[in-house]
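Notes to accompany the following structure.
Numbers restart at 1 for each chain; the letters A, B, ... are given by sequence-line order, proteins then strands. The analysis underlying the following values was restricted to heavy atoms, covering all of them including side chains, and did not include hydrogens, waters or symmetry mates.
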Amino acid sequence: MTQLAATSPSILPPAFFARHALVVARQLLGKYLVIPREDEQLALRIQETEAYIGAHDLACHGRFGVTPRTAVLFGPPGHWYVYFTYGMYWMLNTVTGRDGTASGVLIRGAGPHSGPGRLTRALAIDSRFNGQPIAATTGMWIEDRGEPVRRSRIRRTPRIGVDYAGHWKEKPYRFLLDDDCLGRRAAMHSRVK
DNA sequence: GCAGTGATCATA
DNA sequence: ATGATCACTGCC
């Protein structure tokens with residue numbers, strides 16, 4: 001099993017997130033969500049994201065201004081924004097862009113987990129991460145493991161579950177990575193080399 | 001197609 | 001205090 005990485009894993013710094021949400025959403029594809037688990041740490045390849053680009057984006061939580069819930073989203077980039085919805089599910093987001101703007105990226109799928117509610121349920125992610133830095137000291141971070149993502153592997157669609165957002169519901173702000181040899185596809189076909 | 005589930009926010 | 005809404009999921 002060759003584990004020879006071209007570059008050593010690097011933890012994404014705050015500067016990574018201090019860019020437009022659309023850039024961050026695209027760039028997060030193929031990165032690894034990492035969480036310590038018992039003796040080992042879990043690293044899941046991010047394969048689906050959505051960008052929410054500011055208070056003017058009628059799909060974005062920030063559209064009603066700063067509230068107790070959205071304060072984190074309006075805050076500095078490089079922090080987790082984790083909120084509870086539908087009485088059951090935690091949504092995992094990164095805060096992006098400039099401090100004072102409501103922009104973020106929802107992580108909708110990583111590793112074998114598809115769907116933002118299933119992802120957080122599987123990883124036991126909840127409010128304890130809300131407002132925390134995206135850093136190793138927090139206990140949940142994102143790594144670049146040096147795997148390039150080909151442009152042709154990326155699909156864009158409108159965002160899910162934002163029918164209330166007027167014309168913003170049609171914006172292609174959802175990003176999906178079609179895995180080639182990693183993850184679900186390989187597992188599903190379970191081919192022998 | 002639609003029920004479940006409860007925090008959040010506006011309104012009062 | 002009340003009521004509508006909701007960046008979802010699972011079952012019909």
Side-chain angles (χ1 to χ4, degrees), chain A residues 12 16-31 33 35 44-132 134 140 142 154-178 183-184 187-188:
Chain A
L12 299 185
F16 178 93
F17 302 95
R19 299 179 290 169
H20 197 282
L22 287 167
V23 175
V24 175
R26 154 71 181 81
Q27 293 289 318
L28 279 177
L29 294 179
K31 303 295 191 294
L33 176 66
I35 308 186
L44 303 175
R45 195 164 187 248
I46 295 172
Q47 51 203 10
E48 182 179 345
T49 60
E50 274 176 4
Y52 291 83
I53 70 171
H56 62 292
D57 173 3
L58 296 184
C60 181
H61 284 175
R63 67 192 182 279
F64 299 125
V66 180
T67 66
R69 180 176 71 161
T70 62
V72 171
L73 185 61
F74 276 92
H79 291 249
W80 296 113
Y81 170 47
V82 182
Y83 68 89
F84 189 69
T85 192
Y86 290 108
M88 268 179 271
Y89 302 107
W90 296 96
M91 300 288 109
L92 177 64
N93 302 256
T94 69
V95 178
T96 64
R98 311 166 89 90
D99 190 3
T101 67
S103 109
V105 173
L106 171 66
I107 299 179
R108 293 188 56 92
H113 310 290
S114 60
R118 289 167 153 193
L119 175 68
T120 55
R121 191 178 59 191
L123 301 181
I125 292 165
D126 59 26
S127 64
R128 72 188 188 280
F129 291 106
N130 188 40
Q132 296 297 312
I134 304 174
M140 179 165 65
I142 302 177
I154 296 174
R155 282 193 300 127
R156 293 181 63 167
T157 79
R159 294 169 292 187
I160 304 298
V162 295
D163 288 348
Y164 56 84
H167 73 276
W168 288 89
K169 74 174 181 230
E170 293 143 29
K171 302 274 190 185
Y173 291 172
R174 177 181 180 222
F175 296 78
L176 298 103
L177 178 59
D178 289 331
R184 209 177 0 204
M188 256 193 310

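Listed nucleotides: dC9(B), dA7(C), dC8(C). Nearest to the side chain of P68(A): dC9(B). In this structure, the nucleotide among dA7(C), dT9(C), dA7(B) sitting nearest to the side chain of R121(A) is dT9(C). Checking dA10(B), dA7(B), dT9(C) against the side-chain heavy atoms of R118(A) singles out dT9(C) as nearest. Distance from the side chain of F84(A) is smallest to dA7(B) among dC8(C), dA7(B), dA7(C).
L58(A) has its CG atom 14 Å from the C1' atom of dA7(C), to the nearest Å. Whole-Å rounding puts the K169(A) NZ to dC6(C) C1' distance at 16 Å. Straight-line distance from the NE2 atom of H61(A) to the P atom of dC6(C): 9 Å, rounded to whole Å. In this entry the distance linking CH2 of W90(A) with C1' of dC6(C) reads 14 Å, nearest Å. Rounded to an integer number of Å, the gap from CZ of R174(A) to C1' of dC8(C) is 13 Å. Rounded to an integer number of Å, the gap from D163(A) CG to dG1(B) P is 11 Å. A straight line from OH of Y83(A) to C1' of dC9(B) spans 15 Å, rounded to a whole angstrom. Computed from coordinates, the R108(A) CZ to dT9(C) C1' distance equals 11 Å when rounded to whole Å.
At a threshold of 4.0 angstrom between heavy atoms, the contacts of R69(A) are confined to the sugar-phosphate backbone, with no base atom among them. Residue M91(A) is in sugar-phosphate contact alone, with no base atom involved, counting any heavy-atom pair closer than 4.0 Å across all strands shown. I160(A) comes within 4.0 angstrom of the backbone, heavy atoms only, and of no base. G117(A) comes within contact range of the sugar-phosphate backbone alone, with a heavy-atom separation under 4.0 Å but no base atom that close.
Classified by interplanar angle (parallel below 30°, tilted 30° to 60°, perpendicular above 60°), the ring pair W90(A)/F84(A) is tilted.
Using modelled atom types, no side-chain atom of R26(A) and backbone atom of V23(A) make a donor-acceptor pair closer than 3.5 Å. Panel note: side chain R159(A), backbone W168(A); a donor-acceptor pair is recorded below 3.5 Å. At least one donor-acceptor pair under 3.5 Å links the side chain of T96(A) to the backbone N or O of S103(A).
Look at Y89(A) and the base of dC8(C); the rings do not stack under the cut-offs of 5.5 Å between centres and 30° between planes. Here Y52(A) lies parallel enough and close enough to stack on the base of dA7(C), with planes under 30° and ring centres under 5.5 Å apart.
L12(A) has its side chain within reach of F17(A): a pair of non-hydrogen atoms, C-beta onward, lies under 4.5 Å apart.
With a 6.0 Å radius and a threshold of 12 heavy atoms from other residues, nucleotides or ligands, R128(A) has its CZ atom above the threshold.
Close to dA7(C), at under 4.0 Å from its OP1 or OP2, lies a side-chain N or O of Y164(A). Side-chain N/O atoms of T67(A) include one lying less than 4.0 angstrom from OP1 or OP2 on dC9(B).
Using the Watson-Crick or G-U wobble rule with both distances under 3.5 Å, dT9(C) pairs with dA3(B).
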